[in-house]
Amino acid sequence: MRLTKYLIALFLLVVSAPALGMESVRVPQGARAIDLTNVIEKHSSQGDRLQVSTAPGSDGIVRRIEVGAKEAGSQPNWIVFALTNDTDEQIERLIVAPHYRLQGSGVIWPDLGSTRISAITASQGFPPEVVDASDADIFRLTLDPGTTVTYVAELRSPNLPQLYLWEPSAYKDKVTSLTLYKGIVIGIAGLLALFLTIVFVVKGAVIFPAAAALAWAVLAYVCIDFGFWDKIFGFDANANSIWRAGAETVLSATLVVFLFAYLNLNRWHVRAWHVAALWLLILLDLVGLAVFDAPVAAGVARISLATVAIVGFVLILYLATHGFDRAIMLIPTWFLLAVWVATAGFAVAGWITNDLVSPALVGGLVLIVMLIGFTVMQNAFAAGGLSHGAISDVERKALALTGANEIVFDWDVPSDHIYVSPEAEAALGLDRGGLEGAASSWLDLLHPFEQDRYRACLDAILEQRRGRINQVFRLRAADGHYLSYRLRARPVVGPDGEVIRVVGTLNDVTDERNAQERLLHDAVHDNLTGLPNRELFFDRLEAALILARMEKDVRPTILVIDIDRFKQINEQVGMAMGDSILLTVAHRLTRLLQPQDTLARLSGDTFAIILVSESHVDHVISIADSVRRALSTPVRFTDREIALFASIGIALYDQQTHPGGAEMLEDAEIAMRYAKRTGGNRIEVFRPAMRAQRADRVTLEADMRRALERSEIKVFFQPIVRLEDRTIAGFEALLRWDHPRLGRLEPSEFIPVAEQTGLIVDLGLLALERTARELAAWQRALAVDPPIFASVNISSRQLLRHDLLRDVKSVLMRNDIVKGSLKLELTECLVMENPEYAAEMLTRLKELGAGLSLDDFGTGYSSLAYLQRLPFDTVKIDRSFIKQSGKGARPIILRSIIALAQDLGLDVVAEGAETEQDAIELYQLGCGYAQGYAFGRPISARDARRLVGAAPEAA
């Protein structure tokens with residue numbers, strides 16, 4: 001019995017112990033709102049029931065209560081709190097748990113809101129009543145006087161961002177004022193979106209749809225955040241989270257679109273479009289992801305929004321510093337956006353918890369969009385008149401001047417003040433206003449040779465009161481050099497008939513004038529040495545002869561200088577080194593002459609001097625000997641020396657026998673050839689008896705004309721072998737002259753005469769026709785793939801004749817040959833004499849069906865730059881690269897030439913393969929074809945037919 005009483009007493013002691021109960025919150029009568037967020041106790045149960053201890057009542061006793069979940073078998077989360085009414089009146093309060101709260105919602109996997117509380121159970125008194133609300137869970141509580149009630153709330157989600165105890169009328173006032181604010185903000189956002197849409201329809205500029213899309217996205221976000229759509233469509237909590245995540249994603253996407261369109265980023269870098277497109281594609285994918293996982297989509301959208309704000313601000317500052325007007329205008333608005341993003345970041349991170357932060361941020365976002373709309377409107381309508389053509393004629397002319405990059409010239413005649421656009425002063429390096437002032441102030445800046453012309457132009461305009469100025473003047477820059485400007489101006493006459501202004505433009509034509517001067521210089525100067533060419537030489541010679549007729553003391557002398565054996569030197573060292581030798585010769589000769597003398601390059605290795613500084617014969621011969629000795633000094637290249645010798649012909653002035661410059665030059669050339677025939681390296685003064693030697697050329701010319709009529713000139717063919725299998729791939733056509741008196745002549749003996757007399761055109765046509773006829777016979781007898789080909793040399797006279805196209809077309813039509821198998825060979829030097837004209841002619845020949853072969857490939861110094869532009873299909877390597885190919889760097893050069901040609905898709909033929917070793921080395925280097933004595937000497941047409949198996953009787 002005693003034990004039973006002891007246990008009962010112990011139980012009552014435990015139940016009544018106040019330390020085991022929870023603390024309650026006192027609810028004063030006049031309190032408008034009490035924050036319960038930090039005083040609640042959170043519980044998680046393993047089942048559908050929860051047992052908790054109540055707060056001590058007025059009697060100090062702590063009791064145990066048990067609460068069951070609304071759904072049997074569930075395991076919800078719980079919160080417990082206690083409220084005390086120590087007044088003598090009954091108190092009604094509202095427990096408010098908002099569904100979504102921006103503050104503390106987080107960036108990664110944010111809390112997008114849902115129903116927070118399922119039910120609330122009171123330990124005593126009136127049970128809580130549910131109050132219908134769309135944006136929060138609200139329960140009405142009634143506290144009797146002098147009672148302490150413990151409340152157990154069952155949660156639907158583990159998160160409870162906020163729990164407030166509101167006085168009903170105070171909460172109603174808050175909701176009413178906030179509803180009014182929300183309505184105003186939604187109205188402004190809607191009007192802004194509608195206005196920008198209308199402007200987009202009217203203007204059609206690309207920035208307006210981007211701005212309108214941003215405004216609609218903000219309107220959608222505001223409506224979702226303020227619960228507007230929920231009131232209209234009645235979304236449930238889960239759908240509201242999806243729409244919120246989608247709205248944040250679309251907001252970020254439209255911001256990217258606006259930034260890209262407004263700054264026209266595609267103009268600054270081609271990759272900007274790729275980055276923006278990838279960014280938008282990711283954000284659009286997030287819209288779909290929001291249906292399945294709204295927190296993930298919203299988290300990425302928030303990160304994207306912050307990134308757009310930061311990157312956009314940096315980009316705007318960068319473009320603004322580079323003078324982009326649109327970027328400058330967007331700086332204030334985008335700065336506010338960056339501040340808004342930073343404030344929103346503090347809020348979602350939980351650093352700012354005030355309830356007014358969220359609606360303030362929404363209103364701030366609408367304000368930012370409004371500023372963006374104003375910025376877009378200002379930018380668009382600033383150029384609206386220009387874009388729609390609503391400009392005056394004066395404005396149109398001003399725009400034309402600006403677009404043409406013309407410099408305005410304006411001379412106010414009454415005040416004698418010239419105004420010039422600042423661009424001219426900047427180009428000349430002058431200070432601002434350096435070209436402004438009186439008209440006479442320009443005289444110090446003009447070239448001395450053009451000051452009088454400048455005065456005359458202005459005086460003529462003032463006197464005649466009409467006309468135009470169209471003159472080029474040179475103005476001195478700050479560093480001393482001159483720039484050329486074309487002045488185009490006309491007078492403006494006042495009511496009294498006097499000129500009041502002279503208005504026009506200045507245009508920088510320095511490059512154009514320099515190009516013209518270069519063309520004029522190149523027309524009368526040698527491209528290699530820069531010396532006067534034959535045209536300028538004759539012009540100066542005629543001037544010297546006119547002066548000699550007027551003044552007896554002036555007796556000009558012509559010296560013609562020809563380098564002995566220069567062709568052999570070229571073959572030994574190559575064309576590039578040969579050009580260097582010619583430059584050396586030009587420099588040496590220039591140093592020996594006086595300023596009044598003229599040195600010119602007439603052709604390849606032939607130079608001529610007009611000697612005016614000396615007239616005595618002995619002195620002239622002394623100068624000629626100095627020339628010979630200066631040229632005889634060896635030219636050193638790397639480890640070798642090349643000795644030069646020259647034959648010099650002199651023609652002394654004789655008024656009776658030299659009525660013109662052509663006759664005097666011809667006499668000097670006769671003397672030079674006489675010196676060359678008598679052994680070379682000597683000086684010869686022209687004597688009339690030397691003209692008899694010239695008869696040999698005249699006789700040879702006459703014999704050649706008869707030879708063409710009598711078919712004494714034959715076409716021989718040298719085989720071109722395919723190195724891979726040593727089969728005949730084609731032939732090169734070569735001319736041979738069986739002279740009835742002199743025997744068989746090589747081309748080097750009669751081709752120069754044919755070039756000089758013009759008979760080379762007939763010889764070329766002869767070679768072309770006979771080669772085409774033989775090629776047709778070969779292809780009928782030997783059907784191989786690729787077909788057998790033949791190449792014919794083309795001279796400079798033929799290339800310069802437009803009849804060449806007609807001749808080639810006629811030959812190809814008369815003979816049935818495979819297209820491209822009749823190859824026309826042109827030397828590299830011939831093509832480089834006029835590459836632009838050669839490119840045009842060769843293209844037309846290619847279109848006719850002729851093949852094209854570049855002869856002497858690798859010996860020129862400038863052809864590689866044009867090689868891709870010229871339609872050659874074959875290149876022939878000069879024999880100078882084949883000789884002694886195993887020594888020194890020659891194999892490397894040869895391999896490089898072959899590789900270059902093959903990379904360009906060209907067939908390679910090597911000339912001068914004299915031995916079997918040459919053929920093997922060429923094949924190892926990758927050369928496809930070769931010709932030379934290793935494979936046979938030139939043979940007749942009959943023998944060529946036998947070689948390919950054609951009928952010889954048809955030859």
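All values derive from a computational prediction rather than experimental measurement.
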Chemist: Is the side chain of Ser252 donor-acceptor paired with the backbone N or O of Thr249 at a distance under 3.5 Å, no angle test?
Modeler: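 A pair under 3.5 Å: no.
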Chemist: Got more than 12 heavy atoms from elsewhere within 6.0 Å of CD, Glu71?
Modeler: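 For Glu71, atom CD is not crowded (no more than 12 foreign heavy atoms under 6.0 Å).
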Chemist: Could you give me the CA-CA distance, side-chain angles and deciding distance for Val25 and Leu83, then say whether side chain to side chain contact (heavy atoms under 4.5 Å, CB included) is met?
Modeler: CA-CA 5 Å; Val25 176; Leu83 302 178; 4.0 Å; yes
Chemist: So, the side chain of Thr84 versus the backbone of Asp86: is there a donor-acceptor pair under 3.5 Å, distance only?
Modeler: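 No; judged by distance alone, with no hydrogens or angles, the pair does not exist.
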Chemist: Looking only at atom types and distance, does a side-chain atom of Arg116 sit under 3.5 Å from a main-chain N or O of Leu155, one as donor and one as acceptor?
Modeler: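 Not at all, since once roles are kept as given, no pair shorter than 3.5 Å links the two residues.
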Chemist: Out of the candidates Val67, Leu50, Ile65, only one should pair with Thr121 under the side chain to side chain contact (heavy atoms under 4.5 Å, CB included) rule; please name it.
Modeler: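 Single pass found, and it is Val67.
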Chemist: State, yes or no, whether a side-chain contact exists between Leu165 and Leu141 at a heavy-atom distance under 4.5 Å.
Modeler: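 A side-chain contact exists here, since the closest heavy-atom pair is under 4.5 Å.
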Chemist: Around atom OH of Tyr181, are there more than 12 heavy atoms from other residues, nucleotides or ligands closer than 6.0 Å?
Modeler: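 Yes - once you tally the heavy atoms of other residues, nucleotides and ligands closer than 6.0 Å, there are more than 12.
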Chemist: Within a radius of less than 6.0 Å around CZ of Arg32, do more than 12 heavy atoms belonging to other residues, nucleotides or ligands occur?
Modeler: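 No, CZ of Arg32 has 12 or fewer neighbouring heavy atoms, counting only those of other groups under 6.0 Å.
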Chemist: Would you say Thr37's side chain and Leu163's backbone share a donor-acceptor pair under 3.5 angstrom?
Modeler: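 Here the side-chain-to-backbone pair exists.
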Chemist: Picking from Leu94, Ile117, Val131, what satisfies side chain to side chain contact (heavy atoms under 4.5 Å, CB included) with Phe139?
Modeler: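 Answer to the side chain to side chain contact (heavy atoms under 4.5 Å, CB included) test with Phe139 among Leu94, Ile117, Val131: Ile117.
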Chemist: Examine distances only and state if a side-chain atom of Asp48 and a backbone atom of Ala69 form a donor-acceptor pair shorter than 3.5 Å.
Modeler: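 Looks like no, no N/O pair under 3.5 Å.
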Chemist: Just jot down the side-chain contact (heavy atoms from CB on, under 4.5 Å) partners of Asp285, sequence neighbours excluded, or say none.
Modeler: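 By the side-chain contact (heavy atoms from CB on, under 4.5 Å) rule, Asp285 matches Leu281.
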Chemist: Sequence neighbours excluded and cut-off under 3.5 Å, please list the side-chain donor-acceptor pairs for residues 337-352, or say none.
Modeler:
residue: Trp340; atom: NE1; partner: Leu361; partner atom: O; Å: 2.6
residue: Thr343; atom: OG1; partner: Val339; partner atom: O; Å: 2.9

Chemist: Can you tell me if Gln124 uses its side chain to pair, donor with acceptor, with the backbone of Thr148 under 3.5 Å?
Modeler: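 Checked: pair present.
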Chemist: Take the angle between the ring planes of Phe81 and Tyr151 and call it parallel below 30°, perpendicular above 60°, tilted in between.
Modeler: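 Rings of Phe81 and Tyr151: parallel, as their planes differ by under 30°.
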Chemist: Return the CD to CD distance between Glu23 and Glu41, rounded to the nearest 0.5 Å.
Modeler: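 Going from CD on Glu23 over to CD on Glu41, the span is 9.0 Å.
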Chemist: Quick one: pull up NZ in Lys174 and OG1 in Thr179 and give me the separation to the nearest 0.5 Å.
Modeler: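 These two atoms lie 10.5 Å from each other.
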Chemist: So, do Val27 and Asn85 sit near enough that their side-chain heavy atoms are less than 4.5 Å apart?
Modeler: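 Not touching, per the 4.5 Å side-chain cut-off.
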Chemist: Do Trp78 and Glu154 make a side-chain contact, defined as non-hydrogen atoms from C-beta onward lying under 4.5 Å apart?
Modeler: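 Side chain of Trp78 against side chain of Glu154, heavy atoms only: contact under 4.5 Å found.
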Chemist: Can you find a side-chain donor-acceptor pair between Trp216 and Thr197 that sits under 3.5 Å?
Modeler: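 Distance-only check passes for Trp216 and Thr197.
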Chemist: Looking at Asn159, is its backbone amide N or carbonyl O close enough to the side chain of Ser157 to form a donor-acceptor pair, meaning the two atoms are under 3.5 Å apart?
Modeler: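 Indeed, once roles are kept as given, a pair shorter than 3.5 Å links the two residues.
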Chemist: Mark yes when over 12 heavy atoms from residues, nucleotides or ligands other than Ile108 sit less than 6.0 Å from its CD1; otherwise mark no.
Modeler: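 Check fails, neighbour count at 12 or below.
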Chemist: Would you compute the distance between atom CD of Glu167 and atom CD1 of Ile34 and round it to the nearest 0.5 angstrom?
Modeler: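 It is 11.0 Å, given to the nearest 0.5 Å.
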Chemist: To the nearest 0.5 Å, tell me how far Leu180 CG sits from Ile184 CD1.
Modeler: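 Those atoms lie 4.0 Å apart.
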Chemist: Output yes when a side-chain donor or acceptor of Ser304 lies under 3.5 Å from a complementary backbone atom of Val300, and no otherwise.
Modeler: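 No, Ser304 side chain to Val300 backbone: no donor-acceptor pair under 3.5 Å.
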Chemist: Would Phe126 and Asp144 count as a side chain to side chain contact (heavy atoms under 4.5 Å, CB included) if you check the C-alpha gap in whole Å, the side-chain angles of each, and the deciding distance to 0.1 Å?
Modeler: CA-CA 9 Å; Phe126 297 98; Asp144 292 329; 3.5 Å; yes
Chemist: Between Gln29 (side chain only) and Thr87 (backbone N and O only), is there a donor and an acceptor less than 3.5 Å apart?
Modeler: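 No, because the side chain of Gln29 does not come within donor-acceptor range (under 3.5 Å) of the backbone of Thr87.
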Chemist: Is there side-chain contact between Thr150 and Val80, with heavy atoms separated by less than 4.5 Å?
Modeler: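 With C-beta onward as the side chain, the pair touches.
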Chemist: Checking Thr54 against Arg63: is there a side-chain donor and acceptor pair closer than 3.5 Å?
Modeler: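 There is no such pair between these side chains.
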Chemist: Any chance you could measure Leu255, atom CG, to Ile368, atom CD1, to the nearest 0.5 Å?
Modeler: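 Separation between the atoms: 9.5 Å.
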